[in-house]
Amino acid sequence: QVQLVESGGGSVQAGGSLRLLCAAPGSIHSSNCMGWFRQAPGKEREGVAAIHTGGGATRYADSVKGRFTISQDKAKNTVYLQMNSLKPEDTATYYCAADPRFSFPCLPDAGADFRSWGRGTQVTVSS
């Protein structure tokens, strides 16, 4: 498993922006796919975005398309989630995940069984 540490969460007003970071000290080079997920109180986990670390292909949930961008910096072993035009419904704890399998479908599916998970960072958007 890869150790993942999220940061960058906070409180913003609707329309604002935040950039989340997922540091992977164990090297994202050992991960084929990395993703961001979120879970709000009383709700099920929701996939947000995923990136294939080899080719850079990205996938997004419909709810965040056009507003969020997932990217990576392999030199820094870090994956980012740039979140713009934030809405109150984006309020949740955001989790980073990683998986090493080349056969793993790199998609932000809520039920995806990524091998490694971070502890999360809280994002709160006020109206």
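Because the structure is a prediction, the values reported are computed rather than measured.
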Checklist entry - Under a 4.0 Å N-O cut-off, is there an ion pair linking D90 with K87? => result no
Checklist entry - Which ILVMFWY residues are connected to F104, directly or by a chain of links, through side-chain heavy atoms under 4.5 Å apart? => result F37, Y95, F114, W117
Item to check | For P88 against S126, the heavy-atom pair lying closest together | outcome: CG-C, 4.5 Å
Checklist entry - Any sub-3.5 Å donor-acceptor pair from T124's side-chain atoms to S11's backbone N or O? => result no
Next on the checklist: Between S103 and R101 (side chain of the first, backbone of the second, donor and acceptor by atom type, cut-off under 3.5 Å), is there such a pair?
Outcome noted: no
Item to check | Heavy-atom side-chain contact between N84 and F68 under 4.5 Å | outcome: no
Next on the checklist: Check this for me, if you would: do D109 and R45 make a salt bridge, where the nitrogen-to-carboxylate-oxygen distance has to be below 4.0 angstrom?
Outcome noted: no
Next on the checklist: Could you tell me if S63 and E46 have a donor-acceptor pair between their side chains, going purely by distance under 3.5 Å?
Outcome noted: yes
Next on the checklist: Tell me if a side-chain donor or acceptor on T53 pairs with a main-chain N or O of N32 at a distance below 3.5 Å.
Outcome noted: yes
Checklist entry - Going from CZ on R38 to CG on L81, what distance comes out if it is rounded to the nearest 0.5 angstrom? => result 9.5 Å
Next on the checklist: Could you work out, with salt bridge (Lys or Arg N to Asp or Glu O under 4.0 Å) as the rule, every residue matching R19, not counting sequence neighbours?
Outcome noted: none
Item to check | Rounded distance (nearest 0.5 Å) linking atom OG of S17 with atom CE of M83 | outcome: 8.5 Å
Checklist entry - Out of curiosity, R115 CZ to L4 CG, how far, rounded to the nearest 0.5 Å? => result 13.5 Å
